[in-house]
There are 2 protein chains.
Amino acid sequence: MSGLKETKPRRVTAQEVAQAAGVSRAAVSRAFTPGAYLSEDKKSRILEAAQKLGYRPNALAAGLQRKGRSNLVAVVTGDIANQFDSEIRAKLNRGLNRIGKWSIVLEGPEDMSEEKILEVLAYPLDALILRGGSVSESVAFHCSQLNIPLIVSGRLMPGVDSVCCDNRQGARIAVDQLVASGRRNLAYVGGLNRLYSARERRQGFETALAAHGLAAVAFAKSDYSYAQGYEATTKLLAENPHVDGVFCSNDVVAMGALAAAQQEHGRQVPEDLSIVGFDDISMASWPDFQLSTIKNDMDATVEHILRLLVERLNDEDKVGETVVIKPEFVPRQTH
Amino acid sequence: MSGLKETKPRRVTAQEVAQAAGVSRAAVSRAFTPGAYLSEDKKSRILEAAQKLGYRPNALAAGLQRKGRSNLVAVVTGDIANQFDSEIRAKLNRGLNRIGKWSIVLEGPEDMSEEKILEVLAYPLDALILRGGSVSESVAFHCSQLNIPLIVSGRLMPGVDSVCCDNRQGARIAVDQLVASGRRNLAYVGGLNRLYSARERRQGFETALAAHGLAAVAFAKSDYSYAQGYEATTKLLAENPHVDGVFCSNDVVAMGALAAAQQEHGRQVPEDLSIVGFDDISMASWPDFQLSTIKNDMDATVEHILRLLVERLNDEDKVGETVVIKPEFVPRQTH
DNA sequence: TCGATGTGTGAACACGTATTCACATAGGGG
DNA sequence: CCCCTATGTGAATACGTGTTCACACATCGA
């Protein structure tokens with residue numbers, strides 16, 4: 001009978017704090033703005049009232065201001081199955097937090113249609129970071145239309161801030177290492193063809209082989225996963241028993257290849273067969289694997305992404321910069 | 001000389017679309033609101049103009065409305081070193097996207113001071129999800145003060161929506177399995193004591209042993225990482241050579257233990273020594289490990305978290321619910 | 001004393017949207 | 001013709017904040 005329908009309890013607002021402290025609403029705002037004119041006693045009185053009421057400035061409303069920033073950054077990345085993506089995303093996340101940004105994480109790829117990416121552009125993001133290379137160019141178009149800075153990593157996009165490992169040189173280093181120790185019958189276990197990195201590494205592999213006057217014995221495909229690395233290598237070695245060196249498109253595939261070579265074919269690694277991966281994820285150094293690999297420097301990549309982001313926020317009209325990360329060989333027990 | 005200082009280009013606004021289409025600003029808003037009164041031709045004219053100008057409703061401004069939601073959910077989780085946290089966070093992320101929410105990811109713990117968590121409460125979040133159990137109760141207090149729904153997983157919090165595996169029963173199942181196959185000299189390699197799950201698993205281990213009239217031979221500590229699992233087990237077996245079964249606080253630790261047992265002590269697993277992990281992360285089924293473990297059902301956990309979230313958003317005053325996930329034994333090659 | 005400078009303060013506005021309100025128009029039944 | 005309902009529509013408002021504007025007041029140098 002009595003009107004029980006109550007309104008949803010709202011968040012405490014600056015107006016209420018002002019009322020409680022007996023000051024104007026503007027004063028409350030100033031109390032939370034460093035460097036604003038406000039007498040010391042009034043400020044402490046306001047902060048005390050805010051504390052008591054549990055007030056906290058609403059970041060959404062603040063982000064709506066003329067020169068306000070939302071401090072939100074969307075990070076689009078690949079699947080968890082790819083340990084490298086997972087590790088670098090975590091590092092990037094911490095870095096963003098360190099500079100006062102919050103990351104909205106979109107990870108796919110199966111559920112990550114391009115449409116889903118465009119949906120997140122409804123938020124006035126400080127930036128969109130594309131990690132990994134399977135998304136189309138139209139995302140870049142919509143970003144520029146909405147004045148949302150775009151930073152790409154894992155591939156190069158002309159005119160756009162990009163940070164990317166030199167995949168071809170990485171492949172060349174791997175081939176040089178393999179050839180230098182006498183391997184002549186080399187095979188490649190690749191990744192998904194739609195991925196920029198997988199394509200580049202394959203091309204670098206072929207080019208480097210040709211420079212030595214060699215040709216690849218075989219190519220196998222995978223999806224950058226352990227399971228398919230295992231399966232592909234099992235088949236590869238069955239059909240090409242004379243292969244003495246395998247270059248894998250990433251570390252997880254290389255781990256699958258290692259297990260397949262040892263367990264399915266009884267091969268001795270590295271005496272009998274060399275295996276080289278790509279990325280140098282943290283698991284590569286585990287005693288189980290001791291994987292020789294090409295280091296794809298995550299810390300340097302994250303560092304440069306953050307630098308480009310900060311510089312872009314300071315200068316909207318800066319010309320797009322491209323950063324190439326140099327890969328290097330990490331010798332362990334599989335070569 | 002000529003005033004070159006241009007204003008920062010803004011995002012296209014509904015006002016500009018209205019002007020371009022020759023309608024009122026309200027009409028533009030209605031064009032993007034399903035079920036609002038708007039003639040068909042006017043709607044299509046507006047959508048066309050919006051398309052041309054690259055307009056997209058600003059989610060921040062929309063979230064500021066009286067009954068609006070930000071559709072932002074903060075997810076606080078543990079370190080990447082913990083594969084389980086990493087995998088379940090990814091699944092949770094996809095689930096949230098599926099129901100139209102965006103996740104702001106905070107992952108620690110080293111950089112993840114409690115203060116940092118409180119900072120993100122500046123946003124009017126639809127909910128805060130705490131995954132993993134190292135954060136204090138004061139976060140819950142601030143959430144309730146700000147009317148931000150809280151969902152906890154990985155630990156139980158009275159009166160708060162919680163989803164958690166029955167860690168003690170999981171440990172009991174592991175002990176029962178080990179004892180049933182004749183193991184009598186059991187040891188435990190634990191995790192960080194500040195983690196709820198690690199404490200519960202240890203207590204479950206002791207209780208279950210006592211129920212069999214046994215006592216633990218030894219306890220070793222780790223930080224839930226592979227490296228410390230390896231190191232702790234190396235030392236453990238050196239000091240207690242008669243140990244014939246090791247229960248590990250999680251799978252990554254168990255993998256470290258497995259490598260240590262085989263490589264440092266030449267033990268045959270499982271003939272000579274049984275090893276049981278906890279969580280059943282995806283790597284546990286890799287041929288390298290074939291780890292026998294206790295399944296900590298991620299899909300069920302995520303499912304329940306999402307359900308609790310939806311129900312909470314529909315009914316602010318619903319009483320806090322607790323969901324306990326049943327663990328089960330997954331036999332593989334290490335026991 | 002006067003003007004200039006520096007400090008403190010509240011009123012007002014802008015940000016971009018969804019929604020309410022008031023009003024128009026049209027159509028149908030009496 | 002009039003009343004009533006259904007359907008469109010624009011003006012106005014609320015959302016919560018940071019910041020500008022105008023003004024008051026005190027201090028200081030001349």
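This is a predicted model, so every value here is computed, not measured. Protein chains get the first letters and strands the later ones, always in sequence-line order, with residue 1 at the start of each.
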note: L64(B), atom CG; dC15(C), atom C1'; distance rounded to Å ~ 9 Å
Whole angstroms only, please: what is the CD-C1' distance between Q65(B) and dA18(C)? 4 Å
Mind calculating the distance between CD (Q15(B)) and C1' (dG10(D)) to the nearest angstrom? 12 Å
K67(A) atom NZ is separated from dC15(C) atom C1', nearest whole Å, by 13 Å
One thing to verify: whether E48(B) and R45(B) come together as a salt bridge, which I'm taking to mean a side-chain N less than 4.0 angstrom from a carboxylate O. no
Starting at OH of Y123(B) and ending at P of dG16(D), how long is that distance when rounded to a whole Å? 17 Å
Going by an N to O cut-off under 4.0 Å, is there a salt bridge joining E40(B) and K43(B)? no
Polar atoms only, N or O, under 3.5 Å: list the protein pairs with nucleotides 8-12 of chain C and their distances.
| from | atom 1 | to | atom 2 | distance (Å) |
| --- | --- | --- | --- | --- |
| dT9(C) | OP1 | S39(A) | OG | 3.4 |
| dT9(C) | OP1 | K42(A) | NZ | 3.1 |
| dT9(C) | OP2 | S39(A) | N | 3.1 |
| dT9(C) | OP2 | S39(A) | OG | 3.4 |
| dG10(C) | OP2 | S24(A) | OG | 3.0 |
| dG10(C) | N7 | R30(A) | NH2 | 2.7 |
| dG10(C) | O6 | R30(A) | NH2 | 3.4 |

Determine to 10° how strongly the helix from dT1(C)-dA30(D) to dG30(C)-dC1(D) is bent, judged from the axes of its five-pair ends. 50°
What are the two closest heavy atoms between Y196(B) and G154(B), and how far apart are they? CD2-O, 3.3 Å
What nucleic acid atoms does F32(B) come within less than 4.0 Å of, heavy atoms only: base, sugar-phosphate, or nothing? nothing
Distance test, side-chain N/O of S29(B) to OP1/OP2 of dG16(C), below 4.0 Å: no
In short, T301(B) meets R131(B) closest at the heavy-atom pair CG2-NH1, 4.4 Å
Let me know the distance between CZ of R56(A) and P of dG16(D), rounded to the nearest Å. 17 Å
Pair N97(A)-W102(A), side-chain contact (heavy atoms from CB on, under 4.5 Å): steps then yes or no: CA-CA 6 Å; N97(A) 286 349; W102(A) 304 98; 3.9 Å; yes
Rounded to the nearest angstrom, tell me the gap between atom CD1 in I46(A) and atom P in dG18(D). 12 Å
Counting only N and O atoms by type, is there a donor-acceptor contact under 3.5 Å from the side chain of S162(A) to the main-chain atoms of T322(A)? no
What's the separation between atom NE2 in H304(B) and atom CG in D161(B), rounded to the nearest 0.5 Å? 12.5 Å
Test item: D126(A) side-chain N/O and K101(A) main-chain N/O as donor-acceptor pair under 3.5 Å: no
What integer distance in Å separates N71(A):CG from dT17(D):P? 16 Å
Which residue in the set V75(A), I104(A), N93(A), L96(A) passes side chain to side chain contact (heavy atoms under 4.5 Å, CB included) when paired with V105(B)? N93(A)
